[in-house]
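The structure appears right after this line, and notes come after that.
Throughout, a chain's letter reflects where its sequence line sits, starting with A, and its residues are numbered from 1. Just so it is clear, the model here is predicted, and its values are computed rather than measured. Reckoned from all heavy atoms, side chains included, excluding hydrogens, waters and symmetry mates.
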2 protein chains.
Amino acid sequence: MSITSDVIRGHTEPIILAHLLEGDSYGYQINKEIMEKTNNLYELKEATLYTAFRRLEQAQLITSYWGDQEVGARRRYYSITSKGRDVYQEYKKDWENTKAILDTLIK
Amino acid sequence: MSITSDVIRGHTEPIILAHLLEGDSYGYQINKEIMEKTNNLYELKEATLYTAFRRLEQAQLITSYWGDQEVGARRRYYSITSKGRDVYQEYKKDWENTKAILDTLIK
DNA sequence: TCTATATACCTCACCTGTCAAGGTATATAT
DNA sequence: ATATATACCTTGACAGGTGAGGTATATAGA
């Protein structure tokens with residue numbers, strides 16, 4: 001009982017930003033934790049995740065830096081910016097509005 | 001304070017089907033009534049509406065027939081099929097699931 | 001008479017986010 | 001040696017939404 005990509009489209013960015021509010025993290029972990037949070041009902045596909053990172057960084061909502069792993073695969077950590085926090089609040093309001101509108105239309 | 005197209009993507013079909021549950025209707029009217037229901041917060045764009053009609057008819061979720069206007073512009077009426085009603089119930093569950101998942105991820 | 005507005009339909013080209021499929025590299029367990 | 005897990009990334013195709021454009025009927029106002 002998974003979720004189709006079309007109903008989630010446009011929510012990828014707020015999902016990532018929300019996660020980064022809890023602290024810096026890296027792609028692989030963000031992906032895993034989103035799956036865990038939703039009991040495997042929703043999985044952000046890797047390609048979707050990384051293209052979203054590019055967009056978010058371009059828009060200066062997040063910044064990135066390489067972790068200093070001395071062992072194992074390298075990690076690129078992401079950090080939410082203050083602009084990112086502001087935009088996240090708007091995304092959150094958008095989601096509340098969307099819910100209200102769709103609850104009106106889908107009965 | 002409108003709604004972006006990406007967050008609505010994938011909800012066009014359930015919105016139309018939900019409306020047709022109330023009775024047969026035609027494009028122009030469906031559009032107007034959706035605007036009214038949402039206090040002009042959401043407007044289904046015409047191009048979106050008509051391409052959705054094509055998809056829904058192709059999938060046999062709706063059927064269409066010409067109204068018998070003897071005056072004024074012709075109208076093409078749409079009617080939801082029983083298959084359409086079934087699929088609508090699935091769409092509705094999808095929406096409930098989407099809400100639950102996004103409420104978990106967007107705090 | 002001409003123009004604007006409302007009703008009512010429709011199509012096409014473009015844009016954008018998603019994702020399957022492919023790739024690279026490190027480390028550990030069998 | 002091989003498989004699996006971790007961790008990163010890009011590319012090309014796809015599909016739904018939409019701006020812009022078109023057609024036709026009817027009415028109200030200048």
Quickly work out the [X] [atom1] to [N] [atom2] distance and round it to whole Å.
X	N	atom1	atom2	result
B:L49	D:dG16	CG	P	15 Å
A:E43	C:dC19	CD	P	9 Å
B:I8	D:dT18	CD1	C1'	14 Å
A:D6	D:dG17	CG	P	7 Å
B:N31	C:dC10	CG	C1'	13 Å
B:L44	D:dG16	CG	C1'	12 Å

query = What orientation do B:F53 and B:Y78 show, parallel under 30°, tilted 30 to 60°, or perpendicular over 60°?
reply =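 Judged by the thresholds at 30° and 60°, the geometry between B:F53 and B:Y78 is parallel.
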ask   = So do the side chains of A:R76 and A:Y26 get within less than 4.5 Å of each other, counting heavy atoms only?
value =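 No; the side chains remain at least 4.5 Å from each other.
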task = Kindly say whether B:L44 contributes a backbone atom to a donor-acceptor pair with the side chain of B:T48 at under 3.5 angstrom?
result =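 Here the side-chain-to-backbone pair does not exist.
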query = Is there a donor-acceptor pair under 3.5 Å between the side chain of B:T81 and the backbone N or O of B:L61?
reply =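 Side chain of B:T81 to backbone of B:L61: a pair is present.
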task = Inspect the contact between A:E22 and A:K37 and indicate whether a charged nitrogen and a carboxylate oxygen are less than 4.0 angstrom apart.
result =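 Salt bridge: yes.
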query = Under a 4.0 Å N-O cut-off, is there an ion pair linking B:K93 with B:E90?
reply =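 No salt bridge links B:K93 with B:E90.
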task = Decide whether A:S64 and A:E57 meet the rule of one side-chain donor and one side-chain acceptor closer than 3.5 Å.
result =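 There is such a pair between these side chains.
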key: Residue pair B:N97 / A:Y42, side-chain donor-acceptor N/O under 3.5 Å   =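 Short answer, no.
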task = Scan residues 9-22 of chain B against DNA chain C and write down, sorted by residue number, each residue with any heavy atom closer than 4.0 Å; if none is found, say none.
result =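 Hits under 4.0 Å, by residue number: none.
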inquiry  = Heavy atoms only, 4.0 Å cut-off, all strands: where does A:T48 land among base, sugar-phosphate and nothing?
reply    =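 Answer is base: heavy atoms of A:T48 come under 4.0 Å of a base.
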ask   = What does nucleotides 3-10 of chain D look like as a protein-contact string, B for base, S for sugar-phosphate only, - for none, at under 4.0 angstrom between heavy atoms?
value = ---BBBBB
